[in-house]
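Letters A, B, ... are given to chains in the order of the sequence lines, protein chains preceding strands, and every chain is numbered from 1.
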Amino acid sequence: MSDLASHKAGLQGIDKEKVNQVIYEASKNSAFYLNEARKDEALNHKTEQLLKKYEALRRQDLSTFNNKVDNLVQAIERKRDLSRTIVHIDMDAYYASVEERDNPSLRGKPMAVGSNSMLSTSNYEARRYGVRSAMPGFIAKKLCPELIIVPCNFDKYHAVAKQIREVFARYDPNYTPMSLDEAYLDITEYLETTDKTPDEIVEQIRKEIHEETKLTASAGIAANMLLSKICSDFNKPNGQYRLPNNINDIMRFIRPLPVRKIPGIGRVTERILKAIDISTCGAILDNSVYLYRMFSSISFNFFIRAALGIGSTTVKSEYKRKSMSISRTFCNLSQPNELFAKLRELVDYLAADLAKEYLHGKTIALTFKSVSFKVTTRERSLKRYIYTADDLYHFGKQVSSI
DNA sequence: GGCCGTTAA
DNA sequence: TAGTTTAACGGCC
């Protein structure tokens, strides 16, 4: 079950067995691990049910659906837009690279950014030991005792984000930032102002980023956001990859691609698809009738679009947030009064954050994580919008005790 | 509408 | 000894 994300950059060619063994030894008696095992069991059950459904379908004659599904696939295909040139740019080992830049004594050594309880990023030296983001520091230390863990310096990462966004804006003023270190650019218009090729322009963007921040970035260039994101991973670190806006090249690229490479398909969906013997995008297309019969139309559409290499081409800078939240892990507490005091602390912060953006909300949700890592949510839609700390506390308290 | 689970950075 | 935080979205009842 301990599941090393070896599809991530920098993790190829390591002794995965050994790494998993060390992680397992460090984890096996923990409440966290027990909870993961429980989730895993639930997933096994789900895949078994799905497999049964699949086997039942295989015994049926599905030819009556072939036409319908072909039409659906063709309708999706007709929406393919090859007119744009979309770039996905991703900074290499972002936080770790910033720290190495500012402290040369860290260079060449395995290091990670974060804390003993959680790592945000690791550099490539640390990745060779199996140390990766979203891994607790204390486990990383077992994999690599020499590992240096540097605390996060968010002010710095924000400052660098500002610098790289200035570069992005030169090529697409409507670029979409996805996080501090990642963005999509539509360079179609920019290309009309120059004789340079897309590859040359992206080399230039990465060069400017390097000159202005002393940090490297990787990039993918393709017809849409889905493909450019996948491509930005291809020549990481400090590289770029271009997939031409051409249906033959796209299909040759996407067919053999493992489904896990599709943004939105994670560990669980990969396992679900694997249960019905689908592990590549090509297999999604070859089994479209089964997917049609087994999944919702939203999921079916998502799978087919991805497997055809069709993605959004609308890169836009406006963003409307739909929710705002705050969460903290704290020492074990069980007395209602202690928990309400925590609630009060959190709503004070949340009210301040809401005020910064002049926001209010109509639904309040409270999430608890128990010592056994089980998560429960309680929520309520209210009659009016709220935003003050007192209201958040009042309704939060109410919701918590439904 | 309420709650759970998945994904991603 | 110890396993984060924030946001969005889909499925299911």
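Counting to the nearest Å, the C1' atom of B:dG5 and the NE2 atom of A:H45 are 16 Å from each other. Here the P atom of nucleotide B:dA8 and the CD atom of A:E270 are 10 Å apart, to the nearest Å. Taking atom CD of residue A:E36 and atom P of nucleotide B:dG5, one finds them 12 Å apart after rounding to whole Å. For the pair A:D40 CG and B:dT6 C1', the interatomic distance rounds to 14 Å; values are reported in whole Å. Put simply, CG on A:D90 is 13 Å from P on B:dA8, counting in whole angstrom units. For the pair A:L43 CG and B:dT6 C1', the interatomic distance rounds to 11 Å; values are reported in whole Å. Remark: C1' of B:dT6 and CD1 of A:I272 are 9 Å apart, rounded to the nearest angstrom. Atom pair A:R271:CZ and B:dT6:P shows a separation of 10 Å (rounding to whole Å applied).
Applying the salt bridge (charged side-chain N to carboxylate O under 4.0 Å, His left out) rule to A:E379 yields no partners; only residues at least two apart in sequence or on another chain are considered. Evaluation of the salt bridge (charged side-chain N to carboxylate O under 4.0 Å, His left out) rule for A:K229 yields A:E182 as partners, not counting sequence neighbours. Here A:F368 pairs with nothing under the ring-ring contact (aromatic ring centres under 6.0 Å, His included) rule; sequence neighbours left out.
Across all strands, A:A134 comes closer than 4.0 Å to base atoms (heavy-atom distances). Nucleic acid contact for A:T269: sugar-phosphate only, since backbone atoms but no base atoms lie under 4.0 Å from a heavy atom of the residue. At a threshold of 4.0 angstrom between heavy atoms, the contacts of A:F295 with the nucleic acid are absent.
Place A:S327 and A:I139 on DNA chain C by their nearest nucleotides, and A:I139 ends up nearer the 5' end. The residue among A:S323 and A:M118 whose nearest nucleotide of DNA chain C is located toward the 5' end is A:M118.
Within a 6.0 Å sphere centred on OH of A:Y387, heavy atoms belonging to other residues, nucleotides or ligands number 12 at most.
The stretch residues 46-85 of chain A participates, sequence neighbours left out, in these ring pair (Phe, Tyr, Trp, His ring centres under 6.0 Å) pairs: A:Y54-A:Y290. Screening residues 212-239 of chain A for ring pair (Phe, Tyr, Trp, His ring centres under 6.0 Å) gives A:F234-A:Y241, A:F234-A:F253 as the qualifying pairs, with residues at least two apart or on separate chains. Note on residues 335-349 of chain A: pairs passing side chain to side chain donor-acceptor pair (under 3.5 Å), not counting sequence neighbours, are A:R344-A:D348, A:R344-A:D390.
With a heavy-atom cut-off of 4.0 Å to chain A, the contacted part of DNA chain C has its first and last nucleotide at C:dA2 to C:dG11.
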Point to revise | Verdict with reasoning, A:E25 to A:Q21, per side-chain hydrogen bond (donor to acceptor under 3.5 Å, both in side chains) | key: CA-CA 6 Å; A:E25 285 301 324; A:Q21 187 59 34; 3.3 Å; yes
Check your understanding: Under the salt bridge (charged side-chain N to carboxylate O under 4.0 Å, His left out) criterion, do A:R260 and A:E270 qualify, and how do the steps go?
Key -> CA-CA 6 Å; A:R260 188 66 161 87; A:E270 178 188 36; 3.6 Å; yes
Exercise for review: Please step through side-chain contact (heavy atoms from CB on, under 4.5 Å) for the pair A:R271 and A:L43, ending with a clear verdict.
Suggested key: CA-CA 9 Å; A:R271 267 179 62 180; A:L43 179 56; 3.5 Å; yes
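Defined by atom type and a distance below 3.5 Å, a donor-acceptor pair is present between the side-chain atoms of A:T216 and A:D92.
Using cut-offs of 30° and 60° for the angle between ring planes, the A:H88 and A:Y184 rings count as tilted.
Non-hydrogen atoms lying under 4.0 Å from DNA chain B are contributed by A:T376, A:T377, A:R378, A:E379, all within residues 344-379 of chain A. Residues from residues 164-185 of chain A that place a heavy atom under 4.0 Å from any atom of DNA chain B, listed by number: A:S179, A:D181, A:E182. Residues from residues 296-311 of chain A that place a heavy atom under 4.0 Å from any atom of DNA chain C, listed by number: A:S296, A:I298, A:S299.
For the P atom pair drawn from B:dA8 and C:dG3, the interatomic distance equals 24 Å after rounding to whole Å.
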Show me the donor-acceptor pairs, under 3.5 Å and distance only, between side chains in residues 355-367 of chain A and residues at least two apart or in other chains.
residue: A:K356; atom: NZ; partner: A:D353; partner atom: OD1; Å: 3.2
residue: A:E357; atom: OE1; partner: A:R321; partner atom: NE; Å: 3.0
residue: A:E357; atom: OE2; partner: A:R321; partner atom: NH2; Å: 3.2
residue: A:K362; atom: NZ; partner: A:L382; partner atom: O; Å: 3.1
residue: A:K362; atom: NZ; partner: A:K383; partner atom: O; Å: 3.2

Could you tabulate the donor-acceptor pairs under 3.5 Å formed by side-chain atoms of residues 154-164 of chain A, not counting sequence neighbours?
residue: A:K156; atom: NZ; partner: A:D102; partner atom: OD2; Å: 2.9
residue: A:Y157; atom: OH; partner: A:E99; partner atom: OE2; Å: 2.6
residue: A:Y157; atom: OH; partner: A:N153; partner atom: N; Å: 3.1
residue: A:Q163; atom: NE2; partner: A:E212; partner atom: O; Å: 2.9

